There are 2 protein chains.
Amino acid sequence: MNIGDVAALSGLPAKTIRYYEDIGLVKPLRSANGYRSFRESDAHKLAFLGRARALGFSIEDCRNLMALYEDDHRASAEVKDIAEHHLERIDEKIAELGEMRATLAHLVHACAGDHRPDCPILADLAKASKNAPQPETSTKQTSEQHPGQRPGQRRIGQRG
Amino acid sequence: MNIGDVAALSGLPAKTIRYYEDIGLVKPLRSANGYRSFRESDAHKLAFLGRARALGFSIEDCRNLMALYEDDHRASAEVKDIAEHHLERIDEKIAELGEMRATLAHLVHACAGDHRPDCPILADLAKASKNAPQPETSTKQTSEQHPGQRPGQRRIGQRG
DNA sequence: TATTGACCTTCCAGTGAGTGGAACCATTAG
DNA sequence: CTAATGGTTCCACTCACTGGAAGGTCAATA
């Protein structure tokens, strides 16, 4: 099959499949016209990859999982190990996001959200949490200031 | 103060602060020797940015929040709007990760994790979930196969 | 004074996992 | 013949930095 066919079967964009070939995850044959020619096994692999990626596994994890999948003498412990590590990382992320969510929800709740400028959200972001109430600015000036004439900044303010 | 001082005050790496100047988030002065010279207000901005980033706001959000923070005539509704949108995105992510977690935890629990090759995790990844039991491969061959002699792959298997 | 060492500068390249687009080739239908 | 569709390569871009090279500056010490 051509790339469009495996794309439809696996649900992966053709671009992604080309990328997966580029990084060595699949190795389709080539037809005489230069088109990629995918076997059943390639389509199977791509579906496998799609599902592993949907579970959040990294490409490196996918590579290892694929290798284990194709190894008849694997120990399921190796697979479980990868999955458990991934599970831990997911739990960490959920915890991190949960903390963000709690703080943010609290601030959002406290903000009137009207025409007035008073805003607990900005107040919280602006508050000095660590140190330096009057940090004393003990840093000695190396020489006198002059306005930033060569700040060397590009892409000022617009994204990409 | 020099970059090291604001780095210590804000908790941001000097590299990050240079990057923030590059994208126009801060505009420190320059000393005669070419060193960046940060005012109190710059240090304050950087601390603000550090906290906003820690809450997961994107750089673009930070840019907008900074602008609102510096606008005495802002409406708190604008700030709340940004925060609520971010909160929604966080909730979506938590939900997504939660689904992954559930599936993965189920699979991990079902896997013996021993020396034997039988593995429900791999079985699940490999199972055909969508369509194509025998997908019939109706795709006509454009020409006969020949092994992949010009697959054009680079960085095969190693991370770059 | 020379030299260290900490600090600063710029610029370039890389991260993960693709995505968008240009320029071009192949196949097929009308 | 032409157009549409689908394939090819290659390059640049994303996001928010991070690492490192090559070199300039400054304060302190031998």
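As the structure is a computational prediction, the values presented were derived from the model and not from experiment. Chain naming here is simple, since letters A, B, ... match the order of the sequence lines and numbering starts at 1 in each.
Distances shown here put a side-chain N or O of B:Y20 below 4.0 Å from the OP1 or OP2 atom of D:dC17. Within the structure, a side-chain polar atom (N or O) of B:R36 is placed less than 4.0 Å from OP1 or OP2 of C:dT9. Between A:N33 and the phosphate of C:dT27, there is a side-chain N or O to OP1/OP2 separation shorter than 4.0 Å. Of the side-chain N and O atoms in B:R53, none sit less than 4.0 angstrom from OP1 or OP2 of D:dC15.
The interatomic distance linking A:F57 (CZ) with C:dG18 (C1') rounds to 19 Å, in whole Å. The OH atom of A:Y19 sits 18 Å away from the P atom of D:dC13 (whole-angstrom rounding). Rounded to whole Å, the distance from CE on A:M1 to P on D:dG7 is 13 Å. Counting to the nearest Å, the P atom of C:dA13 and the CZ atom of B:R18 are 19 Å from each other. Atom CZ of B:F38 and atom C1' of C:dC8 are 11 Å apart (whole Å). A straight line from CD1 of A:I3 to C1' of D:dT8 spans 10 Å, rounded to a whole angstrom.
A donor and an acceptor atom, one from each side chain of A:D114 and B:S76, are located under 3.5 Å apart.
When each of B:K45, B:K15, B:R30, B:K27 is paired with B:E21, the salt bridge (Lys or Arg N to Asp or Glu O under 4.0 Å) condition holds for B:R30 and for no other.
Not a single donor-acceptor pair under 3.5 Å links the side chain of B:H115 to the backbone N or O of A:R74. At distances below 3.5 Å, at least one donor-acceptor pair connects side-chain atoms of A:H85 with backbone N or O atoms of A:D81.
Of the charged side-chain nitrogens involved, at least one lies within less than 4.0 Å of a carboxylate oxygen, so that A:R63 and A:E60 count as a salt-bridged pair.
Annotation: A:E99, atom CD; neighbour count of heavy atoms from other residues, nucleotides and ligands within 6.0 Å does not exceed 12.
Of the residues near DNA chain C, B:A14 and A:T16, the one whose nearest nucleotide (by heavy atom distance) lies more toward the 5' end is B:A14.
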For nucleotides 20-22 of chain D, list the nitrogen or oxygen atoms of the protein found under 3.5 Å from its nitrogen or oxygen atoms, one pair per line.
residue	atom	partner	partner atom	Å
D:dG20	N7	B:K15	NZ	3.4
D:dG20	O6	B:K15	NZ	2.1

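Helical stems in DNA chain D, defined as runs of 3 or more consecutive Watson-Crick or G-U wobble pairs with both donor-acceptor distances under 3.5 Å, are listed by first residue as C:1-30 with D:1-30.
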